[in-house]
Amino acid sequence: MNAPTETFELTMTRFFRAPREKVYAAFVQPELMAAWQCPRGMAVQVSADVRVGGAYHLQMRSREGRQFAVGGQFVELDPPGRLTYTWAWEGEQSPLAGLQTVIEVDLIARDGGTEMRMRHSGFRNAMERGNHRHGWDSCFNKLNDLVDQQGTAGTLTLLGDARSPYVRTARMGFAEKGVAVTLKPVAAHSPELLAVHPFGRMPALLDGKAAIWETVAILRFVDESFGDGPLLTPGRISDRVQCDQWVSAVNCYLYDTMVRRYVTQYIFPTGEGGQPDRRVIDQAVSEMPAQLAALEKVYERGDFIAGESLSFADLFVAPVLHYLEQMPEGKRLLTDMPNIRRAQGVIRQRPSFIATTA
């Protein structure tokens, strides 16, 4: 007689700041299921016959147009505390086609909310289980967006100092997309930041428990995970190249010259007697005309760096120039840059810039 085949199960626990009734409804009402029953960056269409033995169907679609389908039946419905349903991927191209697994969900009332315990069983190997863990983590982050009274601000936490240009860049990105995020003040290289960012730099982002670090990665996340709001990535390849060039230019040249060695010297002077170190300032100032001239030329074409609308590049440049113009030499240099001043005047009228002024 053959030995029984080993199966693998996934167990997950999550706390939601919402009553059990609200969380339970999100599992069984199709209009609510459509808000969270797929990972971030995807959309889903839902149909459901909510009764024991009734079928449900999820049709997921990625931003690239790929389709993924899941179907199953409700096995147990005991509101607002428990439900069980089957889960089976559909489509001949799916590596999991033909495999039926079972999901059991228990909702337990806790002070201030609901503890969810989910058991997803029937996987054939650890890889299948691991892939589903990643997907469920993202889905449950969206579920938290839905049921938490703070919305996305109850799920998304940005770690950093509001005075940092890079933190402001990230915050402006969230504001442009209309996505609420909670800013949690932390210092660079602090234990709390190092727990998320391996190099202790700011900003870093927590989406639930998922860690995202480096400003450009955070912008990519918000741009591709949330459908509402304008795209921050240009559509044409030539504009995307221009955008990437200037994001890199800020990271490699402008920030070092204009902020780290220049602005910071006025704010945290290292010279004799607690005064700004003129040698450091003068060296940085000597490098600025060429950098500003390159940016001035870009702005000859319009108010945005890459294409006809705001992009990552504008979000990186604006906080740096805002600091630069507050210092004497920087203000003087910018008086000779009419295109920069015009373009920055436009971006500084945007709600995202106004809302993130430290």
Side-chain angles (χ1 to χ4, degrees), residues 160-176 183 188 201-203 214-216 218-219 232 242-271 274-306 310-358:
D161 188 322
R163 298 170 297 179
S164 161
Y166 284 117
V167 171
R168 188 174 192 183
T169 291
R171 293 175 67 204
M172 288 178 66
F174 280 101
E176 288 288 337
L183 176 64
R201 305 297 290 271
M202 62 178 74
E214 288 301 292
T215 309
V216 72
I218 293 170
L219 288 181
L232 304 176
Q242 179 84 317
C243 177
D244 289 348
Q245 285 178 163
W246 279 97
V247 169
S248 181
V250 171
N251 291 335
C252 296
Y253 316 118
L254 273 66
Y255 180 84
D256 178 69
T257 302
M258 299 178 186
V259 178
R260 189 182 68 83
R261 290 190 286 128
Y262 175 63
V263 171
T264 303
Q265 191 58 229
Y266 279 108
I267 300 174
F268 304 108
T270 61
Q275 296 298 308
D277 189 327
R278 290 306 315 179
R279 291 174 301 175
V280 174
I281 289 174
D282 291 344
Q283 178 60 43
V285 169
S286 72
E287 299 170 21
M288 289 182 198
Q291 296 175 0
L292 291 173
L295 193 57
E296 175 74 1
K297 185 174 180 61
V298 168
Y299 280 129
E300 285 180 354
R301 301 181 307 162
D303 295 329
F304 303 106
I305 290 174
L310 181 133
S311 71
F312 288 11
D314 301 294
L315 297 176
F316 271 83
V317 166
V320 171
L321 294 183
H322 179 63
Y323 270 131
L324 180 65
E325 75 166 7
Q326 295 180 47
M327 303 303 163
E329 297 87 353
K331 185 174 184 179
R332 175 179 55 78
L333 288 170
L334 286 170
T335 60
D336 297 327
M337 304 289 170
N339 294 329
I340 292 177
R341 288 189 286 107
R342 183 202 71 244
Q344 291 308 295
V346 170
I347 198 169
R348 289 171 190 181
Q349 295 301 311
R350 298 181 76 92
S352 65
F353 188 91
I354 296 168
T356 56
T357 300

Residue pair F174 / I218: nearest heavy atoms and the distance that separates them: CE1-CG2, 3.8 Å
Side-chain touch N251/F316, heavy atoms, less than 4.5 angstrom: yes
Which atom of A318 lies closest to which atom of R348, heavy atoms considered: O-NH2, 4.4 Å
Verdict with supporting geometry, L292 and L321, side-chain contact (heavy atoms from CB on, under 4.5 Å): CA-CA 10 Å; L292 291 173; L321 294 183; 4.1 Å; yes
Any donor-acceptor pair under 3.5 Å from Q265 side chain to P276 backbone: no
Short side-chain to backbone donor-acceptor contact, S248 and Q245, under 3.5 Å: no
Minimal non-hydrogen separation, L315 against G173, with atom names: CD1-CA, 3.9 Å
Beyond-backbone contact of V317 with I347, side-chain heavy atoms, under 4.5 angstrom: no
Any donor-acceptor N/O pair, E296 side chain to N339 backbone, under 3.5 Å: yes
Non-neighbouring partners of P351 that pass side chain to side chain contact (heavy atoms under 4.5 Å, CB included), sequence neighbours left out: none
Close side-chain approach of I281 and M327, heavy atoms under 4.5 Å: no
Interatomic distance, R163 atom CZ to Y323 atom OH [nearest 0.5 angstrom]: 7.0 Å
Distance (rounded to the nearest 0.5 Å) between K297 NZ and I340 CD1: 13.0 Å
Heavy-atom closest pair, residues A313 and C243: N-SG, 3.6 Å
I305 backbone acceptor or donor facing R301 side chain under 3.5 Å: yes
Per-pair distances, 0.1 Å, donor-acceptor, side chain in residues 257-264, under 3.5 Å, sequence neighbours excluded:
residue	atom	partner	partner atom	Å
T257	OG1	Y253	O	3.1
T257	OG1	R261	NH2	3.3
T257	OG1	E287	OE1	3.4
T257	OG1	Q291	NE2	3.0
R260	NE	D256	OD1	2.5
R260	NH2	D256	OD1	2.4
R261	NE	D256	OD2	3.0
R261	NH1	E287	OE2	3.4
R261	NH2	D256	OD2	3.3
R261	NH2	E287	OE1	2.6
R261	NH2	E287	OE2	3.4
Y262	OH	E329	N	3.1
Y262	OH	E329	OE1	2.6
Y262	OH	G330	N	3.0
T264	OG1	V259	O	2.7

Any R201 side-chain heavy atom under 4.5 Å of Y166 side chain: no
Ion pair E325/R341, N-O distance below 4.0 Å: no
Atom of R342, atom of G302 and distance for their closest heavy-atom approach: NH2-O, 2.8 Å
A162 to R171 - nearest heavy-atom pair and separation: CB-NH1, 3.8 Å
Residue among T215, V320, L295, T169 satisfying side chain to side chain contact (heavy atoms under 4.5 Å, CB included) with V250: V320
Close side-chain approach of L324 and L333, heavy atoms under 4.5 Å: no
Set of residues satisfying side-chain hydrogen bond (donor to acceptor under 3.5 Å, both in side chains) with respect to D244, sequence neighbours excluded: none
Pairwise distance CD(Q344) to CZ(F353) - rounded to 0.5 angstrom: 7.5 Å
Gap separating the CD atom of E176 from the CG atom of L310, nearest 0.5 angstrom: 5.0 Å
4.5 Å side-chain heavy-atom contact, M337 and Y299: no
From CG (L183) to CZ (R168), nearest 0.5 Å: 12.5 Å
